[in-house]
Structures are given as structure tokens and as C-alpha cells.
Amino acid sequence: MRGQGAAGDRPGGGRLHRRNDRPLCPRRISAAFRHARDTMNIFKILRDDIVKTIEDLGRQGKLPAGLDTSRVTAEPPREAGHGDISTNAAMVLAKAAAMNPRDIAQLLVAELARLPAVSAAETAGPGFVNLRLTDPVWYAQLADLLAAGTAYGDSDMGRGRRVNVEYVSANPTGPMHVGHARGAVVGDALASLLAKAGFDVTREYYINDAGAQVDVLARSAHLRYREALGEVIGEIPEGLYPGDYLCPLGRALAERFGRRYLEAPESDWLAEFREAAVAAMMEMIKEDLVRLGVRHDVFASERQLHAEGKVAAALEFLTGQDLIYTGVLEPPKGKLPDDWEARPQTLFRATRFGDDVDRPLRKSDGSWTYFASDIAYHLDKYRRGFAHMIDVWGADHGGYVKRMQAAVKALTGGDGGLDVKLCQMVNLLKNGEPYKMSKRAGTFVTLREVVDEVGKEVVRFIMLTRKNDAQLDFDLVKVLEQSRDNPVFYVQYAHARAHSVLRHAAEMFPGLALDGPSLAGTTLDRLTDPAEIALIRQMAGWPRLVESAAEAHEPHRVAFYLYDLAAAFHGLWNKGKDEVALRFLVAEDQGLSAARLALVRGVATVVASGLAVFGVQPVEEMR
RNA sequence: GCGCCCUUAGCUCAGCCGGAUAGAGCAACCGCCUUCUAAGCGGUAGGUCAGUGGUUCGAGUCCACUAGGGCGCGCCA
């Protein structure tokens with residue numbers, strides 16, 4: 001069970017991409033040589049120009065030749081007053097060049113000011129070079145985004161490398177609850193984000209259908225089977241699953257087997273009941289996932305790994321590397337388990353790969369531990385072509401991360417990488433009060449109930465409004481509020497408002513084509529208000545955000561970006577309230593209106609592009 | 001006891017491989033609006049980034065230690 005939990009972890013050492021593993025950038029601004037994807041990131045274009053300038057200065061002897069430019073950045077300064085793009089080049093080159101950063105900055109300013117895209121260049125602070133770009137650059141950015149549609153922001157950063165994202169992996173013993181939902185949504189959105197960033201993504205679900213808990217499930221099902229045949233079962237005994245979701249399964253089993261297994265010993269029916277129960281539970285979970293809009297490409301079965309001998313094979317592989325031995329572990333410090341006793345075990349040398357202790361692979365009854373199957377599973381993933389793996393787990397599995405990463409290192413000879421995203425607890429609230437719909441103790445609110453109450457779009461978005469490793473409050477009332485402090489509403493409203501303007505425009509200018517590509521072709525230099533340019537600038541940051549969020553494996557950044565973009569759009573709209581001249585639609589000036597409609601369409605496009613990463617359908621009208 | 005994670009404004013949280021004066025929403029305070037395009041709008045105030053020390057030209061960000069909180073700690077998954 002990897003579904004939910006409580007303590008957190010940062011992405012840390014398991015990141016998939018190395019720092020220097022930079023994407024290939026288009027060399028020039030020239031459209032003819034642009035790659036089909038990843039064409040429109042203005043920051044990359046300028047970074048290329050800056051690097052080229054440094055190389056030119058090297059050739060001219062004004063700077064040492066062959067300077068390492070890998071740490072040079074081109075990014076928006078925090079302070080808008082500092083310009084559109086800021087580079088740290090002078091500071092990171094200073095040491096190697098044995099020059100004062102401000103002198104290097106001066107050299108760069110002189111060269112960069114000559115670029116057609118640059119309207120002003122200046123040095124600032126300890127050696128920053130700040131660039132201001134001409135308005136036509138921003139018009140071109142807007143035109144590009146309108147032409148691209150929701151594909152805007154697509155990147156080839158991943159260069160088609162394969163990534164496996166494993167998420168949900170809830171035990172097939174009951175319906176999904178809200179804790180599972182977080183992992184499901186985080187995994188699903190992360191997968192989409194990586195796909196947008198140019199990775200070849202496979203979405204995977206690991207079915208834990210081999211452990212002791214599925215035997216418990218089978219026994220619980222047998223109880224419900226007896227109940228369905230008329231027995232009074234009374235209280236569900238300790239150690240069995242009490243949920244009444246097993247009743248339909250009991251009835252189905254009664255229908256299928258009649259009274260055949262009513263009095264029969266467990267050994268007669270266990271395997272058959274287990275199989276039927278797991279199938280029924282998986283069907284239920286898959287239905288939960290469908291309602292949440294979460295999909296997987298592969299469902300991998302733990303039982304099947306065993307059946308195909310892959311567990312034995314994986315451990316044989318490790319044995320061949322002398323990574324498995326029989327030994328006795330130190331007793332854990334602190335509270336000892338009651339029945340602890342020193343005993344020789346089959347152990348994996350996890351300490352060689354950074355873990356704190358070596359980890360057991362066999363239980364005392366001789367069967368494999370969960371870890372042993374998981375080793376086989378990750379080896380299987382690697383052999384299927386995934387050097388890059390991401391697992392999304394509940395935070396209560398934090399103690400398991402090191403050993404799994406150790407195993408992946410051992411299995412792949414260091415070639416493979418595993419990043420584990422731990423999802424913290426979801427606190428379900430209703431109007432600020434803890435909400436536990438438990439009819440009896442221990443009953444979780446099911447995901448299905450929550451989805452039925454607020455809708456899948458809301459569940460998905462809210463689950464992504466926090467870092468995965470921070471706890472998340474989910475208030476069933478607040479998430480439906482129509483106000484600025486409800487990010488789902490606020491972002492959706494921006495999209496709806498944009499479409500509202502477009503609908504008005506269609507009435508006002510019946511002949512005007514309002515689709516993205518058409519608007520991309522309109523004359524955009526009517527956009528002159530600083531707030532309008534600022535909005536374009538913000539939208540032009542979308543491709544950059546996609547890449548950084550994908551690199552960090554942090555889909556929640558998309559939520560914050562969209563919220564900020566929505567705020568800027570609403571702000572501009574509100575300005576039009578006071579200053580009539582700033583309204584998007586000006587009846588007597590179709591040219592101006594068309595330019596502003598391009599802006600409006602752009603906002604709708606970027607919002608839709610972002611929501612698509614979340615699997616959230618943008619609305620065109622608030623109801 | 002050990003390991004991992006967390007600690008940023010009164011509250012809930014952002015802060016992009018270390019970068020310039022640390023941001024947003026809510027709450028608070030002060031104004032405005034009341035149909036003009038759609039569910040209000042604008043502004044003010046609020047911070048020893050838990051603490052101490054270190055690395056660095058530069059630390060909320062990296063390192064060490066301390067305090068508080070969470071999770072985990074052989075044969076559960």
C-alpha cells in the first residue's frame with residue numbers, strides 16, 4: 001500500500017536530470033531553423049544570444065576564450081523594474097576570467113544592446129546585466145502562442161527519454177479514499193507535465209496482490225459469502241475488513257459457488273476467493289480512478305512477478321553480485337517489538353548503497369518480503385527500458401525510500417535513477433471543521449463520495465495547490481466558494497471571462513475571425529498599455545515554467561502560475577472598469593479590439609494549456 | 001535512541017540548480033463602487049525567513065549544531 005500517509009521528503013538526490021544535462025536550444029531566433037517543439041521560449045533564445053556574445057568576446061580577446069558558460073542564466077528578475085531579462089553571466093564568469101564582474105557586465109552591455117530584440121541594456125547591483133526587450137518581441141511571443149494553441153509550452157527538454165511514473169498503487173482491498181486521491185492526482189499530473197516537457201512517459205500502477213492482506217481480503221469475502229447465504233455473521237471479527245463494500249462480492253460469490261464452500265476448510269476456497277476478491281476490488285478502484293479522470297498505461301501485478309519467477313531471478317542477480325547474505329541484524333533502538341529475537345535472515349546489502357541498515361528479503365516462514373518483490377518490480381521496469389523511474393507514495397512510506405533507491409542503484413549498476421515523491425496527509429474539512437463521515441470508527445470518507453460532492457475538476461486542482469510534501473487542507477465548502485481565495489474558481493473564472501469577452505466580440509464584430517491562428521495574424525502593435533505588455537510577458541513565461549516544474553518534478557508550480565496569470569488578467573479587466581479606454585472591446589475601433597482580443601485569447605489558451613496538465617477541463621461559462 | 005521530512009506576515013501558503021528592496025490570498029485598517037464587461041475594486045500596515053555558527057562576492061535557499069512538530073524504525077504492505 002503506497003496510497004497515503006503523513007511525513008515528507010524533498011526531491012533530493014533522486015532527480016532525473018543532471019544540472020549540466022541541458023536541453024538543446026535553438027541556435028538563433030530565425031524561425032526557419034526552429035525545432036517543431038520548444039521554439040518559443042524567449043528566455044532560452046536570449047540565453048543563447050548571451051552565450052554567443054561571450055564566445056564572440058572571447059574570440060576578440062576581450063574576454064578569455066573558452067569560458068564555461070554552463071552556469072549562465074537568463075531569467076526574469078524578481079523586480080519588474082529591473083527589466084525583462086536578467087543575466088548573472090558577469091558574476092559567474094568573473095572568477096574564471098579573473099576580472100571584475102562589473103567590467104564584464106559593461107562589455108556584455110555594449111554588445112547586447114545591439115541585438116535587435118533588446119531596447120535597453122544596463123548593469124546593476126553586483127554585476128547583473130538587465131535587458132529590456134522591444135515591444136515587437138512581445139508581440140511575436142503572443143503571435144507564437146496563439147498559433148501554437150494549447151500546445152504552447154511544449155518542450156523537447158526530455159528529448160524523448162523514457163520515464164516511468166508509478167502512482168496510486170493502492171492495495172486491492174477496498175475503495176479509494178481521499179488520501180489515495182492525492183497520490184493519484186499528483187502522479188497523473190506529473191506524468192502529463194513530463195510528457196509536455198518532451199519525455200516519453202509511461203504511467204503505471206503496481207497491484208499488491210500477493211501479500212498477506214489479500215488473504216485477509218479473501219477471508220473477509222468468505223464471511224460476506226456466508227452472510228449472503230443467510231448466515232448471521234454479527235460483528236466482523238478483529239483482523240478482517242469490516243467494510244460493507246464487500247457485500248456485493250459476497251453475493252456474487254454465493255451465486256457463483258452456491259453452498260459448496262460454506263463449511264469447507266479454508267485451503268479449499270482461499271485461492272479462488274482471493275482471485276475473485278482482488279479482481280472485484282481492482283474493478284472498483286479502476287472505477288474510482290475513471291471518475292477522478294486518472295489513467296494508467298500499465299497495471300503490474302505483484303503476484304504475476306512471483307508466478308513468472310521474476311522475484312527469484314532478481315535476487316539471483318543480486319546474489320551474483322554478492323549483495324545478498326545471511327546475517328543477524330542489530331535490534332532496533334528505542335521501542336522494541338514485543339516478540340523481537342535475534343535470528344539469522346536473508347539480507348540485501350543496502351548499506352553499500354547509502355541505506356542505514358541491510359534489509360531483510362525473506363520472512364521467517366520462508367516467503368519473500370514486500371521489499372523483495374519490489375526489487376523484482378523495479379528491475380522489471382528497468383529491463384523494460386526505464387532508467388528513469390518516479391514512484392509516488394504516501395508519506396508514511398518515507399522510511400522505505402532509501403532502501404528502494406539503494407536497490408535501484410544495485411540493480412542498474414548506477415545507470416538507473418529513482419525519485420520518490422512522498423505525498424502528505426489530506427485533512428478533509430467542512431467549513432473549517434474536521435470532517436469524518438465515519439459511520440463506525442476507522443471508516444474513511446471514500447474518494448467517490450468526495451468526487452460526487454464537489455466534482456473531479458475541483459478535487460484534481462485542489463490536490464495540486466500544495467507541494468506534495470506539505471499537508472493539505474481540503475475543505476468541502478471552501479473549494480466551491482466563488483471568490484478570489486479559491487484558486488479553482490479564480491483560474492476557471494479567468495478562462496470563462498475570456499470566453500465571455502470573445503462571445504461579446506462575436507456580436508460586436510460579426511466579420512472578425514476570433515480563433516487563435518487568425519488573431520495571431522492581426523496587427524498587435526495596438527497593444528501599448530504597460531499592463532497589456534506585462535500580461536504578454538507573463539504568458540511568455542509559461543514554457544519556462546513547464547520546464548522548471550518538470551525538472552523539479554513539482555506539478556504544483558503550475559497551479560501557482562495559473563493563479564498569478566488569472567490575477568493579472570482579472571486585474572486588467574478591472575482596469576477597464578475605471579478607464580473605459582482600456583476595455584477589451586471598443587465598438588468604434590475594430591483594429592484595437594482585435595489586438596486586445598488576441599491578448600484575451602492568449603490568456604484563455606495558456607490557462608487551458610495549464611489546466612490540461614492537471615487534467616482539468618476549462619469552463620467557458622460559470623454557472 | 002537512530003533516520004527522513006517540516007518550521008517564511010496574525011492565519012493558510014509561494015519563493016524557480018544561491019542573486020538585487022523576501023511575495024500572494026485571507027484576516028486587520030483606510031477609501032471607492034453598487035450595473036459599467038461577470039461573482040466587487042484600489043490602497044495601507046504587517047517579517048530577526050525557528051535559533052546559533054559556518055561556506056560564499058552574495059544565504060530563506062548550501063553545511064553543522066540546537067529547539068519545536070510530523071513520519072518511520074526485523075519477518076506489514
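Just the heavy atoms: all of them, side chains too, but no hydrogens, waters or symmetry mates, feed the values below.
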Quiz item: When we call it a touch if two heavy atoms are under 4.0 Å apart, what does A/Arg544 touch: a base, just sugar-phosphate, or nothing?
Solution: base
Practice problem: Could you pull out all residues at least two apart from A/Asn574 that satisfy side chain to side chain donor-acceptor pair (under 3.5 Å)? | Solution: none
Quiz item: Side chain of A/Arg303, backbone of A/Asp209: donor and acceptor closer than 3.5 Å?
Solution: yes
Check nucleotides 32-37 of chain B against the protein and report each pair of N or O atoms closer than 3.5 Å, with its distance, or say if there are none.
{"unit_1": "B/C36", "atom_1": "O3'", "unit_2": "A/Arg583", "atom_2": "NH1", "d": "3.3"}
{"unit_1": "B/C36", "atom_1": "O2'", "unit_2": "A/Arg583", "atom_2": "NH1", "d": "2.3"}
{"unit_1": "B/C36", "atom_1": "O2'", "unit_2": "A/Arg583", "atom_2": "NH2", "d": "2.1"}
{"unit_1": "B/U37", "atom_1": "O2", "unit_2": "A/Trp573", "atom_2": "NE1", "d": "2.5"}
{"unit_1": "B/U37", "atom_1": "N3", "unit_2": "A/Trp573", "atom_2": "NE1", "d": "3.3"}

Quiz item: In whole Å, what separates the C1' atom of B/G68 from that of B/U34?
Solution: 49 Å
Quiz prompt | For A/Thr351, all residues meeting side-chain contact (heavy atoms from CB on, under 4.5 Å), sequence neighbours excluded | solution = A/Asp358
Exercise. Not counting sequence neighbours, which residues clear side-chain contact (heavy atoms from CB on, under 4.5 Å) with A/Arg466? List them please.
Key: A/Arg182, A/Leu472, A/Phe560
Exercise. Dot-bracket for RNA chain B, please, read 5' to 3', with Watson-Crick or G-U wobble pairs under 3.5 Å on both distances, ( ) within the strand, [ ] crossing, | other strand, . unpaired.
Key: (((((((..((((.....[...)))).(((((.......))))).....(((((..]....))))))))))))....
Self-check item: Set of residues satisfying side-chain contact (heavy atoms from CB on, under 4.5 Å) with respect to A/Ser609, sequence neighbours excluded
Solution: A/Thr150, A/Lys196, A/Trp542
Using atom types as modelled, flag every donor-acceptor pair under 3.5 Å from a side chain in residues 91-105 of chain A to any protein atom, sequence neighbours excluded.
{"unit_1": "A/Asn100", "atom_1": "OD1", "unit_2": "A/Arg102", "atom_2": "N", "d": "2.8"}
{"unit_1": "A/Arg102", "atom_1": "NH1", "unit_2": "A/Gly125", "atom_2": "O", "d": "2.6"}

Quiz item: For RNA chain B, which residues in residues 92-104 of chain A have a heavy atom at a distance below 4.0 Å?
Solution: none
Quiz item: Taking only residues two or more places apart in sequence, or in another chain, which ones meet A/Thr369 in a side chain to side chain donor-acceptor pair (under 3.5 Å)?
Solution: none
Exercise. Using the P atoms only, state how far B/G58 lies from B/G42, rounded to an integer number of Å.
Key: 40 Å
Quiz item: In whole Å, what separates the P atom of B/U48 from that of B/A9?
Solution: 9 Å
Quiz prompt | Residues in side chain to side chain donor-acceptor pair (under 3.5 Å) contact with A/Arg544, at least two apart in sequence or another chain | solution = A/Glu75
Quiz prompt | Set of side-chain contact (heavy atoms from CB on, under 4.5 Å) partners for A/Ala494, sequence neighbours left out | solution = A/Ala566, A/Phe569, A/His570
Exercise. Output all residues satisfying side chain to side chain donor-acceptor pair (under 3.5 Å) with A/Lys310, sequence neighbours left out; order by chain, then residue number.
Key: A/Glu308, A/Asp380
